[in-house]
Amino acid sequence: MPLHPPTTDWPPASGPVLHLDAGVATLTLNRPAQRNSLSDADLQELAQHLAAIEADAAVRVLVLTARLAPAAAVFSAGYHMSGFDADASQGPQGFERVCEALSRLRPVTLCALNGSVYGGATDLALACDFRLGVQGMELRMPAAALGLHYYPGGLQRCVARLGLGGARRLFLLAQALPADELLRMGYLDALVEPEALPAEVARWCQNLCRLAPLALQGMKQSLQEMALGESNWQGWRAREALSQGSADFAEGRAAFAQRRPALFVGR
């Protein structure tokens, strides 16, 4: 799993870089000298990459990570502040649209937080299904310290993922939270030493790629809708029926009876 450490061999700074390998898509933020802050152009590229991933049925897992500067282990500083001086419909709302698209993406998503996360990047990570972090990282959401009411989609997602208490900790205190606290409050799903993160991400990806994608992706969407209070009972039943009639469910039952690993194809 190519989590990219600081290196002089990496291509020049650019928008997000997409890499595909055996069912896993890796999106790497690639502006380390700017602490991977995201401009409007970066957000447009992210949206294009997410649309391509959504359309590629072979992709079962997306990993979102970042290239780090040698002297600053920052996953992302969030939205580039200059964007607030531009057309609001293209700036902060564009960030909200990318996070929403990421949260609704078909494949299961992992955010490999190989450094600290600030501002809007806290929601970019929270839009993923799972977050794997490293010792020494921190999180800070400074909206209240800047005089900004955060966009509603991000607030709603934070409440759905972390509960009202966790959302208050992030948004109303505007204080840096250390890695151990992020693990306790459920923002992180795993916490490892920085050098162990690539192996941990690979382990999660290998496990997810072994599971039945039709069932996995359907339950992912249903769970999110339930968490957000979206009533879609007909859709939930339709996904259930689709999985019960699938070749993957037949394969899963056969593999269980024969005590062998199942080979799922997503149909």
Asks: Which pair of heavy atoms, one from Ala254 and one from Arg260, lies closest together, and at what distance?
Replies: CB-NH2, 3.9 Å
Asks: Could you tell me which non-hydrogen atom of Ala167 sits nearest to which non-hydrogen atom of Val159, and how far apart they are?
Replies: CB-CG2, 3.8 Å
Asks: Out of curiosity, Leu191 CG to Glu200 CD, how far, rounded to the nearest 0.5 Å?
Replies: 10.0 Å
Asks: For Trp236 and Gln221, which I'm curious about, is there any donor-acceptor pair between the side chains at under 3.5 Å?
Replies: no
Asks: Side chains of Val201 and Leu132, heavy atoms from C-beta outward: is any pair under 4.5 Å?
Replies: yes
Asks: Is there a donor-acceptor pair closer than 3.5 Å between any side-chain N or O of Ser76 and the backbone N or O of Asn36?
Replies: yes
Asks: Grab the two heavy atoms, one from Cys209 and one from Ala22, that are nearest each other, plus how far apart they are.
Replies: SG-O, 4.5 Å
Asks: Is it the case that over 12 heavy atoms from other parts of the model lie below 6.0 angstrom from the CD atom of Gln234?
Replies: no
Asks: Can you give me the closest heavy-atom contact between Leu188 and Ala179, atom names plus distance?
Replies: CD1-O, 3.9 Å
Asks: Using atom types as modelled and distance alone, determine if a side-chain donor or acceptor of Glu138 lies under 3.5 Å from a backbone N or O of Leu177.
Replies: no
Asks: Assigning hydrophobic clusters by single linkage (Ile, Leu, Val, Met, Phe, Trp, Tyr; side-chain heavy-atom cutoff under 4.5 Å), is Leu211 placed with Phe249?
Replies: no
Asks: In the single-linkage hydrophobic clustering (I, L, V, M, F, W, Y; side-chain heavy atoms under 4.5 Å), do Tyr118 and Val98 co-cluster?
Replies: no
Asks: Using modelled atom types and a 3.5 Å cut-off, is there a donor and acceptor pairing between side-chain atoms of Asn114 and backbone atoms of Pro194?
Replies: no
Asks: If you round to the nearest 0.5 Å, how far is CG of Leu102 from CZ of Arg97?
Replies: 15.0 Å
Asks: A side-chain contact here means heavy atoms from C-beta on lying under 4.5 Å apart; do Leu228 and Gln156 qualify?
Replies: yes
Asks: Can you list every pair that meets salt bridge (charged side-chain N to carboxylate O under 4.0 Å, His left out) and has a residue in residues 146-164, with sequence neighbours left out?
Replies: Glu100-Arg157, Asp123-Arg157
Asks: Parallel under 30°, tilted from 30 to 60°, perpendicular over 60°: which one fits the rings of Tyr151 and Phe95?
Replies: tilted
Asks: Backbone N or O of Leu27 within a donor-acceptor pair of the His49 side chain at under 3.5 Å?
Replies: no
Asks: Decide side chain to side chain contact (heavy atoms under 4.5 Å, CB included) for Gln224 and Lys220; before the verdict, give the C-alpha distance in whole Å, the side-chain angles of both, and the deciding distance to 0.1 Å.
Replies: CA-CA 6 Å; Gln224 171 156 277; Lys220 163 189 164 152; 5.9 Å; no
Asks: What's the verdict on side chain to side chain contact (heavy atoms under 4.5 Å, CB included) for Leu64 and Leu124, showing C-alpha distance, side-chain angles and the deciding distance?
Replies: CA-CA 9 Å; Leu64 177 65; Leu124 192 69; 3.9 Å; yes
Asks: For the atom pair CG (Leu62) and SG (Cys128), what is the distance rounded to the nearest 0.5 Å?
Replies: 6.5 Å
Asks: Any side-chain heavy atom of Gln244 within less than 4.5 Å of one from Glu240?
Replies: yes
Asks: Is there a side-chain contact between Asn232 and Arg239 (heavy atoms, below 4.5 Å)?
Replies: yes
Asks: How long is the span from the CG atom in Leu172 to the CE atom in Met141, to the nearest 0.5 Å?
Replies: 11.5 Å
Asks: Can you confirm whether Arg60 sits close enough to Val24 that some side-chain heavy atom of one is under 4.5 Å from a side-chain heavy atom of the other?
Replies: no
Asks: Give me the atom names and distance for the closest heavy-atom approach of Ala212 to Phe264.
Replies: N-CD1, 3.4 Å
Asks: To the closest 0.5 Å, what do you measure between CZ (Arg203) and CG (Leu208)?
Replies: 10.0 Å
Asks: Establish, yes or no, whether the cationic atom of Arg259 lies under 6.0 Å from the six-membered ring centre of Phe256 and within 45° of the ring axis.
Replies: no
Asks: Less than 4.5 Å apart, side chain to side chain, heavy atoms only: is that true for Phe130 and Thr109?
Replies: no
Asks: For Ala125, is there any backbone N or O sitting under 3.5 Å from a side-chain donor or acceptor partner on Arg131?
Replies: yes
Asks: Between Leu126 and Tyr79, is there shared hydrophobic-cluster membership here, with clusters defined by ILVMFWY side-chain heavy atoms closer than 4.5 Å?
Replies: yes
Asks: Is the side chain of Ser103 donor-acceptor paired with the backbone N or O of Ala127 at a distance under 3.5 Å, no angle test?
Replies: no
Asks: Apply side chain to side chain contact (heavy atoms under 4.5 Å, CB included) to residues Leu183 and Asp180 and explain how you reach the verdict.
Replies: CA-CA 5 Å; Leu183 183 65; Asp180 291 342; 5.7 Å; no
Asks: Are Val61 and Leu20 connected, step by step, through hydrophobic side chains (Ile, Leu, Val, Met, Phe, Trp, Tyr) whose heavy atoms are closer than 4.5 Å?
Replies: yes
Asks: Answer yes or no: is there an ion pair linking Asp248 with Arg267, defined by an N-O contact shorter than 4.0 Å?
Replies: no
Asks: Ignoring hydrogens, what is the shortest heavy-atom contact between Ala160 and Ala227? Give both atom names and the distance.
Replies: CB-O, 3.8 Å
Asks: Hey, are Arg104 and Glu54 close enough for a salt bridge, meaning a charged N less than 4.0 Å from a carboxylate O?
Replies: no
Asks: Please check this pair: side chain of Ser243 against backbone of Ala215, looking for a donor-acceptor N/O pair closer than 3.5 Å.
Replies: no
Asks: Quick one: do Leu182 and Val117 end up in the same hydrophobic cluster if we chain Ile, Leu, Val, Met, Phe, Trp and Tyr together by side-chain heavy atoms under 4.5 Å apart?
Replies: yes
Asks: Report yes or no: does Arg106 contribute a side-chain atom to a donor-acceptor pair with the main-chain N or O of Asp56 at less than 3.5 Å?
Replies: yes
Asks: Drop me the distance from Tyr150's OH to Cys158's SG, to the nearest 0.5 angstrom.
Replies: 9.5 Å
Asks: Looking at side-chain heavy atoms only, is the closest gap between Met185 and Leu170 below 4.5 Å?
Replies: yes
Asks: Given side chain to side chain contact (heavy atoms under 4.5 Å, CB included), test Thr65 with Cys111 step by step and report yes or no.
Replies: CA-CA 6 Å; Thr65 190; Cys111 189; over 6 Å; no
Asks: Do Thr122 and Tyr187 make a side-chain contact, defined as non-hydrogen atoms from C-beta onward lying under 4.5 Å apart?
Replies: yes
